[in-house]
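Take a look at the structure set out below.
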There are 4 protein chains.
Amino acid sequence: MVETTADSDLLDLRKGRPAAGQDPVKRAQIIEGARRVFIDKGFEAASMNDITREAGVSKGTIYVYFENKEELFEALIEEERGTIFKNMYEVLDHFDDLRKTLVKFGTVLSVKITSAKVIQAQRTVVGASDRIPELGARFYERGPKRGHDRVMAFLNEAVERGLLKIDDVDLAAYQFTELCLAGLFRQCIFSYRTKAPSQAEIEHIVTSGVDVFLKAYATEKFFAEEKALQSA
Amino acid sequence: MVETTADSDLLDLRKGRPAAGQDPVKRAQIIEGARRVFIDKGFEAASMNDITREAGVSKGTIYVYFENKEELFEALIEEERGTIFKNMYEVLDHFDDLRKTLVKFGTVLSVKITSAKVIQAQRTVVGASDRIPELGARFYERGPKRGHDRVMAFLNEAVERGLLKIDDVDLAAYQFTELCLAGLFRQCIFSYRTKAPSQAEIEHIVTSGVDVFLKAYATEKFFAEEKALQSA
Amino acid sequence: MVETTADSDLLDLRKGRPAAGQDPVKRAQIIEGARRVFIDKGFEAASMNDITREAGVSKGTIYVYFENKEELFEALIEEERGTIFKNMYEVLDHFDDLRKTLVKFGTVLSVKITSAKVIQAQRTVVGASDRIPELGARFYERGPKRGHDRVMAFLNEAVERGLLKIDDVDLAAYQFTELCLAGLFRQCIFSYRTKAPSQAEIEHIVTSGVDVFLKAYATEKFFAEEKALQSA
Amino acid sequence: MVETTADSDLLDLRKGRPAAGQDPVKRAQIIEGARRVFIDKGFEAASMNDITREAGVSKGTIYVYFENKEELFEALIEEERGTIFKNMYEVLDHFDDLRKTLVKFGTVLSVKITSAKVIQAQRTVVGASDRIPELGARFYERGPKRGHDRVMAFLNEAVERGLLKIDDVDLAAYQFTELCLAGLFRQCIFSYRTKAPSQAEIEHIVTSGVDVFLKAYATEKFFAEEKALQSA
DNA sequence: CATGAATGAGGCTTCATTCAT
DNA sequence: CATGAATGAAGCCTCATTCAT
């Protein structure tokens, strides 16, 4: 699925100047300025003047492209969400070695979610979720929730192949994700960790998480196949 | 452990008449007003006037007790943290039946962390963590982190008793906690869930989480004892 | 008398291609849009964007035809004045039965001046008269004042015919006009009346007004003739 | 009837500082600044900054005393109305010589309504009546309308005394007022006249107006008494 | 020439903080 | 000391006007 800026396909690329609020370059420029300011200061503390300065556009122009501060913020968050979760689930597309796939995906997930940029964006969303609850809900629904569905689909396939035995796949998918993040998310989002975990740390956590997950849900068949593979 | 207002030990009790900002009753009154307003509206949207009204104190008085809005907010968060995490770990104090204890503790933890009030408080902290990173760090360190240490201690005891076999107890403690929350925390904090999970749901999640945890870490001895107990 | 756009005689028609701001159709189009917006919202609250939209012309084009917002407004008011007072005095052109003529004219005058559209236009002019005093002055001079002159001329003729006896015809003309409006103008312009008076009400007022006027100024001759006419 | 600033009687004059938005001196100060600016520029063109400067109070203070710009404006207009129409009708209180009383009252009325200050205030009200129709309506109702009622009462008394014979006293009252203003109001409000009419001019108009009025409505009895009085 | 996107000064309003009472 | 009226900087947003296309 391709994540693009909303409406971008409506833009006519005829010669001449684009219509008001239609120039994708300028829109991107505004969003980029907004990103720097909003992500850095949060919704309330960010001022439209700051964004104006950072984006290098005039105040009036921003208001041609976005109705008001809140809408600009929401557009930014949508963008961020698109960027963050893009390409995150490709690993799950080709069913290969189960353990390896889980580790690989868990690592990608963990690295992404705990990267400095993404944490800051999530912090911004959380901070604004009180004033604009739908914002956080939409972010979660179109971001983490979709990822969760992909994980469920993947686990279901593994069940069908007789490699896993799971009563509640929905719950198991959550468990898997949490095992891969094991504390990192909360630490990061509360600024307890001020920088992203190292690759090594993440690998350690994910390997262990997958291990726990498989010990709980893998079938005899899975372990037999794995043993066979290793002795080969 | 005694939970007191931060800095309270810095207050000097020299002389007879209490110095400015020394009356603990008035202080509590201010904090209580601040709680209602800050938790409800978030840091930026809350106005000192709101707090004044809610606390029933004059503006000047607030400024005697707290340097400024930010400091008042920080003091409130300290208080909240104390309230939230108090009495949360008592279950772990008496080592009894392992599975039961884990389920009991996991339930308490999950209920607490996902309760509407606590989620809102955490959202407020997260939202402010960009502007005041130490705030979130301190919150995490004195709240969740301490809990984590208690869990570690508990797991270590179980290991010593030969009931669990764990390589990395620190990591296992995180895994346990996350298994008990399985997705709930993120769902709540992003306002995807707008109300706290039901008791039944939490029990389902915790039971399953403990199960996974024990399948991964429990020893033969543990299972044998458990079987014996059940057949008794 | 030819009512044209003010200044129209200043437009030079030199050369072949019409100079900037010369196309009278486009000019009318702009004025028409301006009318709808200015009359509806008043000078300050009307935005050039509104006018642009309403007139179906681009902003740049408006600024070719009119120096700025104020000048456009003044041009519009000139137009309005022309429209309002055109054909208002025809009744006075043919000297016929005095009382009937006065009633007929008074009615036309009263209906016109108190019609919703005209009241709104006058309100707009009055509201702008502080900022642009000449605007109101010109409006009055070329509108009501000219009407007043026509009334004076008519009264003079009646005096010459021996039907009226008037010391100060100028004053009498004002008195006549005011008697025909008897309170309506002030009520309308202050929005105390929110809709135009009914035909019946106006007729009642005008009939009475003319009666008062004639009792004060008509000669014996007039009354004798009138009596003769009635008994015939 | 005493016209005072709204709520002024609620002010407690206890020692110390007055409550927020309660200090009548400051309130008057703000209104005075608002008067200068609003009356001079009209509602829309006046800026709160102008008023701030003119009143010598800070912006915040204005907003303690008045909800917003519109409310401040309305308060000002109420004040103005009170000031304008105060003491205007005292002449009618003691029934004395009819013609003299009418002339005296007509003069007071005419002088007042056409004074520069009052005209400007009325212009401001008219200009704002499009945006805030109730404002103009209230102004008219509590100002000119009340005056009209007083005139009606006076005329009724004269009718009862057998000095006047009037079918429609309501209409006659309007006619009387208009005869006393004979064109002046419209001339002033449209800025055709840029300064108030002279005392002599007003006397001329009013004398003539009363003459017309009496010729139309006075009884034989009135003229007989008047004749008797003069020959005495 | 017409267009309308862009500008940025300036409008109304809020609110953390101060300080006279 | 407590109070809360006053301050004024700064926030969001509008709109007359310009000028590149």
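Proteins get letters first, then strands, A, B, ... in listed order; numbering begins at 1 in each. Just so it is clear, the values below take in all heavy atoms, side chains as well, and ignore hydrogens, waters and symmetry mates.
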Task: Below 4.0 Å: OP1/OP2 of E/dA5 and any side-chain N or O of A/Tyr65 - done: no

- [ ] Specify the residue among B/Ser58 and C/Gly60 whose closest nucleotide of DNA chain F lies further upstream toward the 5′ end.
- [x] B/Ser58

TODO: State whether A/Arg138 and A/Glu78 are salt-bridged, where the test is any N-O pair (Lys NZ or Arg NE/NH1/NH2 against Asp/Glu carboxylate O) under 4.0 Å.
DONE: yes

- [ ] In whole angstrom, give the distance that lies between atom CG of A/Asn68 and atom C1' of F/dT14.
- [x] 13 Å

Task: Pair partner, E/dT21 [Watson-Crick or wobble, under 3.5 Å] - done: F/dA2

Task: Between P of E/dA16 and CD of B/Glu67, the distance in whole Å - done: 16 Å

Open item on the list: What is the separation between atom CD on B/Gln29 and atom P on F/dT3, rounded to the nearest whole Å?
Closed with: 9 Å

- [ ] Remember a base hit wins even if backbone is also touched, and classify A/Ala46 as base, sugar-phosphate or nothing at under 4.0 Å, heavy atoms.
- [x] sugar-phosphate

TODO: By nearest nucleotide on DNA chain E, pick out whichever of A/Val57 and D/Tyr63 is the more 5' one.
DONE: A/Val57

Task: Atom-to-atom span, CG of D/Asn49 to C1' of F/dT7 - whole angstrom - done: 14 Å

Task: Listed nucleotide nearest any side-chain atom of D/Lys59, set E/dT3, F/dG8, F/dA2 - done: F/dG8

- [ ] Nearest whole angstrom, please: distance from the C1' of E/dT13 to the CD of D/Glu70.
- [x] 15 Å

Task: Value in whole Å for how far the P atom of E/dT14 lies from CD1 of B/Ile51 - done: 18 Å

- [ ] Could you please name the option among F/dC13, F/dA16, F/dG8 that lies closest to any side-chain atom of C/Ser47?
- [x] F/dA16

TODO: Please check if any side-chain donor atom of C/Asp50 sits under 3.5 Å from a side-chain acceptor atom of C/Ser47, or the reverse.
DONE: yes

Task: Value rounded to 0.5 Å, distance of NZ in C/Lys69 from CD in C/Glu44 - done: 6.0 Å

Open item on the list: Is the shortest side-chain heavy-atom distance between C/Ile77 and C/Glu74 below 4.5 Å?
Closed with: no

- [ ] Would you mind classifying the nucleic acid contact of C/Lys69 as base, sugar-phosphate or nothing, using non-hydrogen atoms under 4.0 angstrom?
- [x] sugar-phosphate

Open item on the list: Tell me the interatomic distance from C/Asp50, atom CG, to F/dC15, atom C1', rounded to whole angstroms.
Closed with: 10 Å

Open item on the list: Of the options E/dT13, E/dA9, E/dA5, whose atoms approach the side-chain atoms of D/Met48 most closely?
Closed with: E/dT13

Task: Nearest-angstrom distance from the residue atom CZ of A/Phe38 to P of F/dG11 - done: 13 Å

- [ ] Fit a plane to each ring of D/Phe43 and D/Phe38, take the angle between them on a 0 to 90° scale, and name the class: parallel (under 30°), tilted (30 to 60°) or perpendicular (over 60°).
- [x] parallel

Task: side-chain N/O A/Thr61 vs E/dT7 OP1/OP2, d < 4.0 Å - done: yes

Open item on the list: Partner lookup for E/dG10, please. Criteria are Watson-Crick or G-U wobble with both distances under 3.5 angstrom; report none if nothing qualifies.
Closed with: F/dC13

